Amino acid sequence: MEEPRTPPSLTEPTEAHDPYPPQPDQGAPETVTATGKPTGAPSTARAQSGAYLTTSLGARLRDTDHSLKAGERGPTLLQDHHLREKITHFDHERIPERVVHARGTGAHGVFRGYGTASSVSVAGFLADGVETPVFVRFSTVLGSRGSADTVRDTRGFAVKFYTDEGTFDLVGNNMPVFFIQDGIKFPDVVHAAKPHPDREIPQAQSAHDTFWDFVSLHTEAQHHTMWNMSDRGIQASLRMMEGFGVHTFRLVDAEGGSTLVKFHWKPKAGVHSLVWEEAQLAAGGDPDFHRRDLADSIEAGNLPQWELGIQTFPDTPEQMFEGIDLLDPTKLVPEELAPVQPVGLLTLTANPTNFFSETEQVAFHVGNLVPGIDVTNDSLLQARLFSYVDTQLTRLGGPNFNQIPINRPQAPVNDMLRDGFHQHAVPSGVAPYKPNSLDGGCPFHAGASERPFVEVPAVVQESAKVRAQARSFDDHFSQARLFYRSMSPVEQDHIKSAYAFELAKCYEQVIRERQLQCLANIDEGLCVSVAAALGMSAPSPTIEVADVEPSPALSQVGTPYPATGRKVGIVVDDSTDPEAAAAVVTAVTAYGLMPFVIAPSGGTVGELVVARTYATARSFEFDALVVLGAAPGADAVPGLDARAGQPTQGAAPVDPRIAVMVAEMWRHCKALGAFDDTGRDALTAAGVPESGAGVVTGADASTPADLLGEVTELLTLHRVWDRFTPASA
Ligand code: HDE
């Protein structure tokens with residue numbers, strides 16, 4: 001009898017069945033909103049059907065492991081269509097990545113209007129209780145598609161609303177201001193910030209000469225750069241990130257009256273950041289940190305939510321508000337001057353079914369507007385109106401990208417666009433022109449009662465053609481000062497360290513000097529600290545900058561938010577009582593937190609599935625850590641990490657990886673809990689005082705509710721801020 005070629009236990013299952021349906025958290029194409037509207041790509045867009053492997057045209061195949069050869073050891077035959085089709089398609093699998101915002105992650109969701117904007121906008125999706133499917137893509141700006149998530153950078157926050165009246169895209173960022181005032185400078189700032197053209201380094205970083213060369217010369221970039229150097233440049237989670245439309249837009253009411261607005265997304269989970277060391281550790285330890293966190297949260301049913309809010313301003317001919325030019329995208333309007341009014345709620349409900357088809361192929365465009373929303377003359381916005389369609393022509397290979405499932409509108413479409421690469425529609429009729437009689441005059445122009453899109457008939461002042469900017473755009477420093485002076489001492493320290501880090505990474509002294517000059521104009525104390533860290537002398541201010549009222553709303557520290565969905569690592573060792581571990585997991589879950597059991601090796605602890613081993617867990621993954629026991633795992637290497645504290649005499653040995661983890665959590669000002677002597681030993685080994693701020697100890701892990709209650713309370717403020725000793729204190 002012939003010997004089997006592979007051991008039976010390693011063979012593929014052979015029972016024929018249809019393709020697996022999407023995972024429950026990926027149900028997007030068939031998911032419906034509460035009012036029964038499908039979200040995301042229609043289910044007819046599903047690519048596979050039937051149980052058997054086929055060619056792209058459905059001929060069943062009996063073998064995809066061997067090419068067709070002239071004999072077992074002979075040359076491959078050109079006639080092998082399956083081989084050629086498989087390899088040719090593979091050769092063309094990649095498309096150009098986005099020129100900016102290449103690294104991103106997406107999710108499906110639903111937006112529900114509150115109706116509070118109905119007095120200023122006729123947009124149907126803002127009306128009370130109306131539910132609209134959405135697709136959201138978050139991104140970093142500078143890095144390539146495979147770059148790390150936690151780099152210091154601005155984040156994109158792009159939302160596609162599939163409304164009944166057409167698709168509306170709100171293509172924003174996590175910072176309310178931008179580097180440039182005029183879109184014509186976009187290639188300059190991007191060329192400066194992207195890796196150096198000779199060696200293509202550094203990846204996804206602003207800490208290099210060309211970036212600082214540009215921003216120190218082009219000083220209108222200083223305000224946005226200040227945001228990047230702040231904690232906003234290293235957000236803790238995409239779920240904990242604000243979003244901003246940046247530009248001033250127009251809302252249009254039923255009478256045709258217009259109001260100027262700035263859009264804001266406010267996360268229900270609060271606005272929180274990493275600390276720099278965490279960001280660096282995560283970039284190596286889990287480059288997918290943000291996308292994993294988003295997908296895991298949705299899968300766990302811990303659905304991220306944001307309120308959409310608007311700041312409103314009268315649409316006067318000057319378009320100024322409290323001395324701020326509303327057309328200048330390097331300026332924000334403090335919330336204390338114009339409160340953000342909530343107009344609807346966004347909930348992310350499902351992960352994409354296929355990353356490429358949805359997240360990669362989604363095409364946003366600031367010009368995708370619906371009745372009730374219009375643009376202003378902001379010259380940054382005006383250039384974007386051109387760029388977003390143009391870029392898809394190369395990236396998605398032709399003008400029919402809105403026919404790709406994720407880009408298809410959910411409103412009826414009757415355009416007269418025809419042909420072109422990748423045409424998927426089969427339009428009927430013979431008259432794709434107007435006026436026509438051959439198709440009975442169809443499609444018809446919408447009359448006023450059919451809710452057409454109407455541009456605001458804003459008056460354009462008669463003036464000479466100029467390449468110039470209004471004088472009101474000339475102040476480049478006062479709002480950078482506003483931002484810095486609105487920060488808490490610990491946030492100011494982070495900003496100082498970030499400037500010191502980035503400028504120390506530059507090679508050219510002249511660039512450092514010029515940036516220090518900018519900092520002197522913004523805030524002398526900031527300049528002195530950064531100069532000291534660089535070993536340079538601090539220059540004096542060269543211009544007089546207006547003093548500003550701080551805006552407390554800009555600070556991320558001090559406001560409590562629900563701790564729901566925060567991640568708690570639970571460290572156990574081989575001697576931990578499984579029932580006690582189960583009690584801790586139950587208590588963590590009862591407080592709405594996400595438990596992760598960390599054990600010396602994989603498998604289970606009683607009924608609990610081990611989420612991380614001592615080898616795979618690292619501190620940056622958790623918002624809080626609770627230790628039940630941390631005796632060394634079998635694979636522990638004593639002294640593995642030099643940063644691990646030495647066990648004090650008499651204390652039980654602690655696995656060096658857990659000691660490092662506890663020490664990092666302590667350093668990063670995260671809540672720590674320890675049960676029994678075995679948990680306390682881990683604190684001791686990490687040099688953490690039991691009486692330290694944000695350290696909670698408990699005598700008995702089988703009754704953990706009180707301890708976890710305290711940990712939850714600590715998490716509402718994100719970090720144990722008392723543990724930081726601000727340099728300025
Ligand atoms: Fe973009 N931007 N941008 N941008 N942008 C792109 O469009 C551009 C700007 C933003 O997840 C590109 O489809 C110009 C401001 C986000 O797919 C491109 C200017 C803001 C995303 C482009 C700006 C943004 C993009 C690259 C100056 C915040 C990712 C791929 C005039 C309000 C969208 C693409 C996604 C993407 C051009 C300035 C946000 C090349 C010319 C200001 C979130 O078209």
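Atoms within each ligand, like the ligands themselves, are counted from 1 in listed order. Bear in mind that the values here come from a model prediction, so they are computed numbers and not experimental data. Position 1 is the first residue of the sequence; numbering continues from there.
The aromatic ring centroids of F263 and F249 lie less than 6.0 Å from each other. Between Y484 and W227, a ring centre-to-centre spacing not shorter than 6.0 Å is recorded.
With sequence neighbours left out, F214 forms a ring-ring contact (aromatic ring centres under 6.0 Å, His included) with H218.
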Under the criterion side chain to side chain donor-acceptor pair (under 3.5 Å), I'd like the reasoning laid out for H247 against D378: C-alpha separation, chi angles, the key distance, then a yes or no. CA-CA 7 Å; H247 315 280; D378 173 341; 2.7 Å; yes
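D182 and K185 are not joined by a salt bridge, as no carboxylate oxygen comes within less than 4.0 angstrom of a charged side-chain nitrogen.
W306 pairs in a ring-ring contact (aromatic ring centres under 6.0 Å, His included) with only one of the listed residues (F157, F111, F244), which is F157.
For ligand 1, residues of the protein lying within 4.0 angstrom by heavy-atom distance are R98, V99, V100, H101, R137, G156, F157, V171, G172, N173, F178, G183, F186, G245, V246, H247, F364, L380, A383, R384, S387, Y388, T391, Q392.
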